[in-house]
Novice: 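I have a structure I would like to understand better, so I am pasting it below and will then ask my questions one at a time.
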Number of protein chains: 2
Amino acid sequence: MDALENVIIEGDCVDVMNRLPESSVDLIFADPPYNLQLGGDLTRPDNSEVDGVKDDWDQFDSFDSYDLFTHEWLAACRRVLKDTGAIWVIGSYHNIFRVGAILQDAGFWIMNDVIWRKTNPMPNFKGTRFQNAHETLIWATKHPNQKPYTFNYDALKAFNDDLQMRSDWTIPICTGQERLKKPDGKKVHPTQKPEGLLHRVLLATSKPGDMILDPFSGTGTTAAVSKALGRRFIGIEQDASYARYSRERLSRVEPYDDADLKTVTGKKAEPRVPFGALVESGYLRPGDRLFSASRRHEARVRIDGSLTNGDTVGSIHRLGAFVQRAPSCNGWTFWHFEDRNGLMPIDMLRRKFRTQMGLG
Amino acid sequence: MDALENVIIEGDCVDVMNRLPESSVDLIFADPPYNLQLGGDLTRPDNSEVDGVKDDWDQFDSFDSYDLFTHEWLAACRRVLKDTGAIWVIGSYHNIFRVGAILQDAGFWIMNDVIWRKTNPMPNFKGTRFQNAHETLIWATKHPNQKPYTFNYDALKAFNDDLQMRSDWTIPICTGQERLKKPDGKKVHPTQKPEGLLHRVLLATSKPGDMILDPFSGTGTTAAVSKALGRRFIGIEQDASYARYSRERLSRVEPYDDADLKTVTGKKAEPRVPFGALVESGYLRPGDRLFSASRRHEARVRIDGSLTNGDTVGSIHRLGAFVQRAPSCNGWTFWHFEDRNGLMPIDMLRRKFRTQMGLG
DNA sequence: GTGACAATTGAATCACCTA
DNA sequence: CTAGGTGATTCAATTGTCA
């Protein structure tokens, strides 16, 4: 099974994952069933109070088997996941606490829990509980303190009107044209996830070309959004009917233009330019004076790209920190050079250097 | 220990609970240590230091020792709880999954998980994850399919502007006058909960005269709100200083005026609709063109909701400001999409989104 | 008093590369 | 592995200061 990609595979997810090469997947999105062994409709979300007696004796037994099931598919996920990879799991209060605890026990490291806040949830008709208006997602890396992992911070900030993205996401449930229907008009799947949710997940924690795996593929929302966003994917689905519907759905997905897949990136992604290179290339000359924005501090450029204020010598960062008595300082934004129009941060020169050298 | 009530008891919560009469409590609210596992120091971009939770009471050797601790206090809670009673637990992703699973294993029956959506959470200063903007509460009865239990559906509906109360609550963190301060101006407790949160909990799931127990009483928010709402209470707190401050606080509590509560309801509770949400939900597609009203400027939509005009990229606001050479710009009114009837501001799409999603 | 502006702060698993 | 250097990074509210 090499170079298998962009398919929906029919079968048990543990079996199928164990036949995939290890450390081959960048990101897993898993929407596991809630009610394995719990007696069908009785424990479907929001109906858990229907039966009086059965749940009582069933409870321990069913939690145990659910835990075992969870442990097994998470172990299979862990094997196929790259050491730089991550996993998302979505669930409700019926199962998410067990899944989250087992995830932690398996060695995954939770980065955030994220709340999918539904704009248009089903009402609780009986008025016996709060309206169940959200689901919980867990985002976890394969290892504690894992470096690197993918998080497109700046893209999400642009998405969110220039504010950093929060852990609660307001997204509509899947309805209308997007919802897959059978010829008789009934919905194909009871819990089809909205493409908007997967769009945000993939935008946040994957890159174009990444391999995305969904072990409980269902109607193929993960696969469909992966295809649209220029990611590779493997979906695994046990149910032949769901698999058939999702393949048909995928055939209708048009990938977006490569140019539109690009996202906002921040300074962290830019190539490093040592300050000395600006001096070397004549953007600044030894002896030039630099100033803090307020002109309160002044320093002279030296031939090796260090600065001196007379008493002390150091890098742009060290001297900036020193004169401010701060533990650290970004010299690029702290120091300014004299321009026709007044003081300009030396970061301007760095940008000019990058552009003229064809960097970034 | 009979008829002990309306007190803060100093001591280990398991010891104290085991000395209380069994089946004597109507509702428990528990805010256990979160086991945050913080690393080194954290500084803000302005170099100031974040005052994190490094207290001894939040230190555990391992998940195992935390699980054992959790199991023990939950067992003690179970004993003192009436068969008609219920429990609330609050936590974050560090601990809530373990607590939820152990709660289920102990025989409690989860009714809802509730999200406390913070209006003013602390940012993620380093841009490494999503801003941790919520905490999770679990509401569970003592038994599966328990009847009766207390749920004041109508009171909540009235409280929530005649809308059914959802499972996500928008409430500010505890600051300002409400936050207890030492004589030196420092906060008494690192994690004091807002009274608005407890107000909703008690309003929803307790009755006047009920006995409310908080095994991790801290600064006594549960006790204070219980007193204000005419409930009886017992708070248990290990730390002598916290206990002293909470007793002093209680002496000042008077019955509530609802208007004073800092909760956010109705339309104001609805989060902003960011531009990216229109893209992920299909109101605009990556590759679509946007124009300024005069058509003098043009840009393309990308998957992260950023715009590009070929040279420059940025959010709708950033790019709008850039092309106009303005310091700032409201992208919602500056950029337009092509409609049958000509150009329409993208703000129209946001309004449509809000309307269709029932967001005010 | 008042309005503008600056300073402070909150349950936080918060950088990364090279020598 | 550690140590050290470079240089990237924040939102909403309340409180305090100064004109």
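Quick caveat: nothing in here was measured; it's all calculated off a predicted structure. For the numbers below, each heavy atom of this structure counts, side chains included, while hydrogens, waters and symmetry mates do not. Throughout, a chain's letter reflects where its sequence line sits, starting with A, and its residues are numbered from 1.
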Novice: Syn or anti for dT10(D), with syn set at within 90° of 0?
Specialist: anti
Novice: Taking atom C1' in both dG1(C) and dT17(D), compute the distance separating them and give it to the nearest angstrom.
Specialist: 15 Å
Novice: Rounded to the Å, how far apart are Asn47(B) CG and dT10(D) P?
Specialist: 14 Å
Novice: Salt-bridged, Glu248(B) to Arg244(B), with N to O below 4.0 Å?
Specialist: no
Novice: Please state the P separation for the pair dT18(C) and dA8(D) - nearest whole angstrom.
Specialist: 15 Å
Novice: How long is the span from the CZ atom in Phe29(B) to the CG atom in Leu198(B), to the nearest 0.5 Å?
Specialist: 5.0 Å
Novice: Grab the CZ-C1' distance between Phe334(A) and dA8(D) for me, whole Å please.
Specialist: 17 Å
Novice: Expressed in whole Å, how much space separates the C1' atoms belonging to dG10(C) and dT10(D)?
Specialist: 12 Å
Novice: Please measure how far the C1' atom in dA13(D) lies from the corresponding atom in dT13(C), and state the result in whole Å.
Specialist: 26 Å
Novice: Any chance the side chains of His317(B) and Ser315(B) put a donor and an acceptor closer than 3.5 Å?
Specialist: no
Novice: From CD1 of Ile171(B) over to C1' of dA12(D), roughly how many Å is that when rounded to an integer?
Specialist: 16 Å
Novice: Roughly, in whole Å, what's the span from CG in Asp161(A) to P in dC11(D)?
Specialist: 12 Å
Novice: Give the residues of residues 322-331 of chain A touching DNA chain D, defined as any heavy atom closer than 4.0 Å, sorted by residue number.
Specialist: Ser328(A), Cys329(A), Asn330(A)
Novice: How does protein contact run along nucleotides 9-19 of chain C, one letter per nucleotide 5' to 3', with B for base contact, S for sugar-phosphate only, - for none, heavy atoms under 4.0 Å?
Specialist: BBBBBBSS---
Novice: Is there any salt bridge (charged side-chain N to carboxylate O under 4.0 Å, His left out) pair reaching into residues 87-103 of chain B, and which pairs are they, with sequence neighbours excluded?
Specialist: Asp105(A)-Arg98(B), Asp67(B)-Arg98(B)
Novice: For atom NZ of Lys352(A), decide whether the heavy atoms of other residues, nucleotides or ligands shown that lie under 6.0 angstrom number more than 12.
Specialist: no
Novice: Are a donor atom and an acceptor atom from the side chains of Thr219(B) and Arg179(B) found within less than 3.5 Å of each other?
Specialist: no
Novice: For DNA chain C, list all stems, counting runs of three or more consecutive pairs where every pair is Watson-Crick or G-U wobble with both distances under 3.5 Å.
Specialist: C:2-10 with D:11-19, C:15-19 with D:2-6
Novice: Mark yes when over 12 heavy atoms from residues, nucleotides or ligands other than Met348(A) sit less than 6.0 Å from its CE; otherwise mark no.
Specialist: no
Novice: For Val273(A) and for Arg166(A), locate the closest nucleotide of DNA chain D by heavy-atom distance; then report the residue assigned to the nucleotide nearer the 5' terminus.
Specialist: Val273(A)
Novice: Any side-chain donor-acceptor pair under 3.5 Å between Asn309(A) and His297(A)?
Specialist: no
Novice: Can you tell me how far C1' of dT9(D) sits from CD of Gln164(A), to the nearest Å?
Specialist: 9 Å
Novice: Return the value, rounded to whole Å, for the distance between atom CG of Leu307(A) and atom P of dT6(D).
Specialist: 11 Å
Novice: Are His189(B) and Thr191(B) close enough that a side-chain donor and a side-chain acceptor fall under 3.5 Å?
Specialist: yes
Novice: Do the two ring centres, one from Trp73(B) and one from Phe216(B), sit under 6.0 Å apart?
Specialist: yes
Novice: Could you tell me how the ring of Tyr66(B) sits relative to the ring of Phe60(B): parallel (under 30°), tilted (30 to 60°) or perpendicular (over 60°)?
Specialist: perpendicular
Novice: Indicate yes or no: does Arg249(B) engage Glu195(B) in a salt bridge with an N to O separation below 4.0 Å.
Specialist: yes
Novice: Listing time: all N or O pairs from protein to nucleotides 17-19 of chain D that are below 3.5 Å?
Specialist:
none

Novice: Quick one: is dT9(D) close enough that its OP1 or OP2 comes under 4.0 Å of any side-chain N or O from Lys157(A)?
Specialist: no
Novice: Please step through ring-ring contact (aromatic ring centres under 6.0 Å, His included) for the pair Trp139(A) and Phe151(A), ending with a clear verdict.
Specialist: CA-CA 11 Å; Trp139(A) 169 41; Phe151(A) 182 59; 5.2 Å; yes
Novice: Do we see a donor-acceptor contact under 3.5 Å between the side chains of Asp46(B) and Ser48(B)?
Specialist: yes
Novice: Are any of His317(A)'s side-chain N or O atoms less than 4.0 Å away from OP1 or OP2 of dT6(D)?
Specialist: no
Novice: Touch check for Arg350(A), heavy atoms < 4.0 angstrom, all strands: base, sugar-phosphate only, or nothing?
Specialist: sugar-phosphate
Novice: Would you please confirm or rule out a distance under 4.0 Å between OP1 or OP2 of dA12(D) and any side-chain N or O of Thr119(B)?
Specialist: no
Novice: For residues 117-131 of chain B, which residue pairs pass the salt bridge (charged side-chain N to carboxylate O under 4.0 Å, His left out) check, not counting sequence neighbours?
Specialist: Asp168(A)-Arg117(B), Lys118(B)-Glu135(B)
Novice: Using a 4.0 Å heavy-atom cut-off across all strands, classify Tyr153(A) as base, sugar-phosphate, or nothing.
Specialist: sugar-phosphate
